[in-house]
Number of protein chains: 2
Amino acid sequence: MILISADIETQIIDDIMQQIVSKTIEHGEKLPSENELAKKYKVPRMTVRNALTKLEERGYIYSLQGKGRYLKEESTQIQLHLTGKTSFTDKMKEAGYDLKTHNIICEKISFNEQLFQNVNAGKEDNVYKIGRLRYINDEPIAIHYSYVSEKMFPKIEVDGPKIESMFGYYRKLGYKGFTSKKSLLSITFPTSDEQQLLSCKSMVPLIVVESDCIDINTNKVLEHTKILYRSDKFKYDITMD
Amino acid sequence: MILISADIETQIIDDIMQQIVSKTIEHGEKLPSENELAKKYKVPRMTVRNALTKLEERGYIYSLQGKGRYLKEESTQIQLHLTGKTSFTDKMKEAGYDLKTHNIICEKISFNEQLFQNVNAGKEDNVYKIGRLRYINDEPIAIHYSYVSEKMFPKIEVDGPKIESMFGYYRKLGYKGFTSKKSLLSITFPTSDEQQLLSCKSMVPLIVVESDCIDINTNKVLEHTKILYRSDKFKYDITMD
DNA sequence: ACACAAGCACTTGGCGACAAGTTAAGATGA
DNA sequence: TCATCTTAACTTGTCGCCAAGTGCTTGTGT
């Protein structure tokens with residue numbers, strides 16, 4: 001197989017990444033300065049700079065003006081079983097993680113055909129978005145959005161801002177068992193708001209998992225769920241069994 | 001919830017992305033020039049430029065020197081059921097896609113503890129990496145690596161470079177049914193080689209699915225599988241049933 | 001001998017001028 | 001009238017200089 005020479009910037013990224021995974025550069029250690037790297041690779045400083053900026057945006061390194069660039073401390077990847085059948089809270093607690101949740105938003109959303117259809121809401125109905133931020137070991141790692149219709153949950157406007165676990169809320173209202181329809185996974189990048197909430201850089205991919213939560217008795221859709229996971233904090237177990 | 005003002009560059013990205021998803025900018029259409037955008041957002045051209053460069057690296061837009069920047073043509077996302085139980089080939093053919101495969105590599109790999117352990121190989125055994133590039137509608141969309149031990153498949157060195165479907169190869173050797181152990185999903189970025197093979201930019205995330213393929217009769221591990229999917233070309237169905 | 005401040009050599013960050021490429025309009029000549 | 005060349009006004013791309021920040025070294029005064 002023959003490959004034409006790729007642009008040098010990408011090759012520099014490859015080289016540094018290789019040094020990171022092979023632990024030639026250790027966590028917390030200072031990287032060579034831009035000028036040193038420019039001399040090493042025989043390229044203008046800008047080329048090195050672009051490569052380093054990309055690594056920074058991907059979240060591998062950070063920079064301090066006047067000091068240098070440093071490899072971030074190692075952060076363990078949490079292994080998570082990706083299935084809609086149990087609640088996020090239960091999954092994490094079972095796995096023994098220190099999980100905290102903050103309710104960050106509860107607001108009426110404007111009409112959106114696809115979304116309203118998912119929760120069996122008509123154009124005149126009200127649909128609320130309830131957002132929680134999930135922390136593990138006090139690090140934000142996921143944003144969890146639930147979309148519910150006011151028709152189904154009349155008190156949602158006042159209850160919404162206090163909810164941390166939707167499953168808990170449903171149980172209190174008498175719902176006993178839950179299941180889910182199709183679960184879809186895709187990849188996106190954080191908006192500026194999401195970057196701040198998750199305290200991550202703009203090029204850290206987010207894994208989006210969307211599904212509907214269904215009451216096992218009535219078979220009615222209770223909510224549409226959308227979870228944004230920081231992809232650098234997880235390894236997902238998608239074993240089918 | 002109060003958010004401190006994020007850096008302007010990120011906000012510009014948000015704004016342009018919003019215009020893309022709301023179809024204010026149409027596919028193939030020319031974006032405003034860097035100077036126009038700089039005037040619009042009241043920022044130096046460099047800031048706009050950085051924002052646009054990021055969008056380009058994520059694969060949403062492309063640029064032509066002297067002409068301008070353009071929104072890419074729409075590319076449909078293929079929906080794929082992510083499970084290890086059926087072969088990649090079968091999955092795609094079932095779904096009715098025009099799938100082509102090219103064998104791109106077959107080589108003996110150097111010792112790697114984790115990997116060798118996966119295929120039950122000792123330090124003295126030979127393990128081969130067989131790589132195929134998957135095309136759908138003549139677009140490269142995934143790189144599929146299979147790791148097999150020579151101990152298990154003595155003729156792999158000569159057969160390897162011709163194999164397009166490992167399952168087919170195993171069936172020819174008398175293996176009848178396959179299953180898989182744990183499947184793990186994570187996110188990575190393409191190396192320069194992978195960028196060329198998949199003809200994608202450096203910031204297009206790749207979905208990595210790793211698992212072991214097991215002979216259903218003997219329960220022996222046949223291969224360790226690692227598939228790199230272009231995340232922008234797929235929506236993954238991870239429904240459990 | 002010690003405290004402190006100035007300076008220097010290094011780091012990363014940002015901006016502006018210019019280079020390179022494209023297009024279209026207009027001048028020029030047959 | 002038409003073909004062709006020149007020019008100018010746009011586009012994106014690149015490079016280098018200087019600003020800003022850090023910390024060590026050195027010199028000076030008490």
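Everything numeric in this text was worked out from a predicted model, so none of it was measured. Sequence lines set the chain letters: A, B, ... in the order given, protein chains first and strands last, and positions in each chain run from 1.
- Checking side-chain atoms of N35(A) against main-chain N and O of L37(A) turns up no donor-acceptor pair under 3.5 Å.
- At whole-Å resolution of the value, CD in E56(B) and P in dG13(D) are 6 Å apart.
- One can place OH of Y62(A) at 14 Å from C1' of dT22(D), the figure rounded to the nearest angstrom.
- Listed pair R45(B) / dG16(C) fails the phosphate criterion, with no side-chain N or O lying under 4.0 Å from OP1 or OP2.
- Note on ring orientation: taking the six-membered ring where Trp is involved, the planes of Y229(B) and F234(B) are perpendicular (angle over 60°, cut-offs 30° and 60°).
- Here the CD1-OG distance, from I187(B) to S231(B), works out to 6.5 Å after rounding to the nearest 0.5 Å.
- Side chain of R132(B) to main chain of I130(B): a donor-acceptor pair is present (N/O by atom type, distance under 3.5 Å, no hydrogens or angles).
- The overall bend of the helix from dA1(C)-dT30(D) to dA30(C)-dT1(D), read as the angle between its terminal helix axes built from five base pairs each, is 40° when rounded to 10 degrees.
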Under 3.5 Å, N/O pairs linking protein and nucleotides 9-11 of chain C:
{"residue": "dT11(C)", "atom": "OP1", "partner": "S33(A)", "partner atom": "OG", "Å": "2.7"}
{"residue": "dT11(C)", "atom": "O2", "partner": "G66(A)", "partner atom": "N", "Å": "3.2"}

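- If you measure from atom CD1 of I61(B) to atom C1' of dG13(D), you get 14 Å, rounded to the nearest angstrom.
- Rounded to whole Å, the distance from CG on L31(B) to C1' on dT11(D) is 13 Å.
- Regarding M46(A), its CE atom lies at a distance of 10 Å from the P atom of dG14(C), rounded to whole Å.
- When every heavy atom of K201(B) is checked against every heavy atom of P190(B), the shortest pair comes out as O-CG, 3.8 Å.
- Judged purely by atom type and a 3.5 angstrom limit, D14(A) has no side-chain atom pairing as donor or acceptor with the backbone of T191(B).
- A donor-acceptor pair under 3.5 Å is absent between the side-chain atoms of S192(A) and the main chain of Q11(B), judged by distance alone.
- Put simply, the side chain of R230(B) gets close to the backbone of L198(B): a donor and an acceptor are under 3.5 Å apart.
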